[in-house]
Amino acid sequence: DRVTSECMDFLLEDMAQGKGLSYKSMVKNFDRIIERFKAIPVTGEEKVRVGVVGEIYVKYAPLGNNNLNQFLLSEGAEPVVPGLTDFLIFKIYNRVSDVEMFGGSRAKWALCKFFMGYVEKCQLDMIAALKKAGFRSPGTFAELHDLIHGYLNDGCKMGEGWLLTAEMLELILSGTPNIVCAQPFGCL
């Protein structure tokens, strides 16, 4: 928690000074963040891994999920929460697939494809930095999207749509078979 807070502080300070907004500074910040997390001593103790998926607010906000991560930690488990980048790409991809499935503005399609490609490039750099440092890293959005083939199609978009199933599949295939689905009924 202390390291997370320190990282948030220097990121917010950089942004306030206008330094943290470029692609180059983002990549540099990956290394700064990883350096701080690598300095945390670890025991190597194996813990039961528990994935947390669900509606975006409930998945990440302690107020929305009744402090689920703290509860899992207190029970001796390791919470595994999928990152936010896949959700961002998913929301952009939905605009692309809408045009492909239902028709619409080619300009909107092209703009969304361009923006999606940029965010995917950022994700690839983040994954590369994690792997280089020896941390467990997520797959790419494309790999995540491939997991749902045979289960759901791109038209399943309500709530977190096909992304929810894809995240569960990724967790299971990466060795996290225990999953809490924090999905409010209204989002189903």
Side-chain angles (χ1 to χ4, degrees), residues 4 8 11 26 30 33 47-73 75 77-105 108-127 129-131 135-188:
T4 299
M8 291 294 290
L11 289 170
M26 179 195 64
F30 290 155
I33 293 166
K47 295 186 177 241
V48 172
R49 295 171 65 193
V50 179
V52 178
V53 300
E55 188 270 332
I56 193 73
Y57 173 73
V58 178
K59 179 166 57 170
Y60 294 115
L63 180 63
N65 64 32
N66 201 22
N67 293 300
L68 179 58
N69 283 349
Q70 287 303 325
F71 171 74
L72 293 171
L73 289 168
E75 292 292 314
E78 175 188 352
V80 182
V81 184
L84 186 58
T85 309
D86 287 321
F87 178 78
L88 296 174
I89 300 170
F90 167 75
K91 296 308 273 183
I92 301 166
Y93 178 76
N94 280 343
R95 307 289 89 50
V96 171
S97 67
D98 281 348
V99 172
E100 290 172 352
M101 288 188 294
F102 309 118
S105 166
K108 174 183 172 182
W109 178 89
L111 181 63
C112 289
K113 282 291 274 189
F114 173 79
F115 187 48
M116 187 174 133
Y118 176 77
V119 179
E120 285 180 309
K121 179 179 175 9
C122 296
Q123 182 186 49
L124 288 173
D125 289 333
M126 177 190 65
I127 291 168
L130 288 166
K131 284 181 178 178
F135 282 103
R136 184 175 52 223
S137 63
T140 64
F141 177 79
E143 292 166 340
L144 189 66
H145 186 233
D146 284 345
L147 292 175
I148 59 129
H149 295 303
Y151 295 99
L152 297 169
N153 72 24
D154 291 346
C156 182
K157 299 178 189 204
M158 302 310 283
E160 271 53 41
W162 61 259
L163 182 65
L164 185 69
T165 302
E167 286 179 337
M168 286 191 250
L169 289 166
E170 182 180 48
L171 286 165
I172 292 166
L173 294 172
S174 68
T176 306
N178 308 294
I179 299 172
V180 174
C181 182
Q183 189 78 351
F185 181 74
C187 283
L188 295 175

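Given the structure is predicted, the values throughout are model-derived calculations rather than measurements.
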*Could you pull out the closest heavy-atom pair between Ile127 and Ser137, with the gap in Å?*
CG2-OG, 3.9 Å
*Do Ser105 and Val99 come within less than 4.5 Å of each other through their side chains, counting heavy atoms only?*
no
*CD1 of Ile148 to CG of Leu169: how many Å apart, nearest 0.5 Å?*
9.0 Å
*With under 30° as parallel and over 60° as perpendicular, where do the rings of His145 and His149 fit, or are they tilted in between?*
perpendicular
*Measure the CD1-CD distance between Ile179 and Glu170 for me, rounded to the nearest 0.5 Å.*
10.5 Å
*Does the side chain of Val58 reach to within under 4.5 Å of the side chain of Leu68, using non-hydrogen atoms?*
no
*Can you check side chain to side chain contact (heavy atoms under 4.5 Å, CB included) on Leu163 and Phe87, steps first, answer last?*
CA-CA 8 Å; Leu163 182 65; Phe87 178 78; 4.0 Å; yes
_Flag side-chain contact, heavy atom, 4.5 Å: Pro79 against Val180_ = no
_Are there over 12 heavy-atom neighbours, none belonging to Met8, within less than 6.0 Å of that residue's CE?_
no
*asked:* Tell me whether Asp98 is salt-bridged to Lys157, with the criterion being a basic N under 4.0 Å from an acidic carboxylate O.
replied: yes
*Measure across Ala142 and Glu120 and return the closest heavy-atom pair with its distance rounded to 0.1 Å.*
N-OE2, 4.5 Å
*Counting distance only, does the side-chain N/O of Arg136 pair as donor-acceptor with the main-chain N or O of Ser174 below 3.5 Å?*
no
_I'd like to know if the side chain of Gln183 and the backbone of Glu55 have a donor-acceptor N/O pair within less than 3.5 Å._
yes
*Is there a side-chain contact between Pro62 and Asn69, using heavy atoms and a 4.5 Å cut-off?*
no
*Looking at side-chain heavy atoms only, is the closest gap between Glu75 and Val50 below 4.5 Å?*
no
*Report the distance from atom CE of Met168 to atom CG of Leu147, rounding to the nearest 0.5 Å.*
12.5 Å
*Specify whether Trp162 and Tyr93 have parallel, tilted or perpendicular ring planes, treating 30° as the upper limit for parallel and 60° as the lower limit for perpendicular.*
perpendicular
_Walk me through whether Asp86 and Gln123 qualify under side chain to side chain contact (heavy atoms under 4.5 Å, CB included)._
CA-CA 8 Å; Asp86 287 321; Gln123 182 186 49; 2.8 Å; yes
*Report the distance from atom CD1 of Ile56 to atom CZ of Phe90, rounding to the nearest 0.5 Å.*
10.0 Å
*Would you check, one step at a time, whether the test side chain to side chain contact (heavy atoms under 4.5 Å, CB included) holds for Thr85 with Cys122?*
CA-CA 9 Å; Thr85 309; Cys122 296; over 6 Å; no
*Sidechain-backbone polar pair: Tyr60 side chain, Asn65 backbone, donor-acceptor under 3.5 Å*: no
_Heavy-atom pair of closest approach, residues Arg95 and Cys112_ = CB-SG, 3.5 Å
_Nearest 0.5 Å, please: how far is CG in Leu84 from CD1 in Ile89?_
10.0 Å
*About how many Å separate CD of Glu100 and CG of Asp154, when rounded to the nearest 0.5 Å?*
8.0 Å
*Should we count CZ of Phe135 as having more than 12 external heavy atoms under 6.0 Å?*
yes
*For Phe30, does the CZ atom sit with more than 12 other heavy atoms under 6.0 Å from it, leaving out its own atoms?*
yes
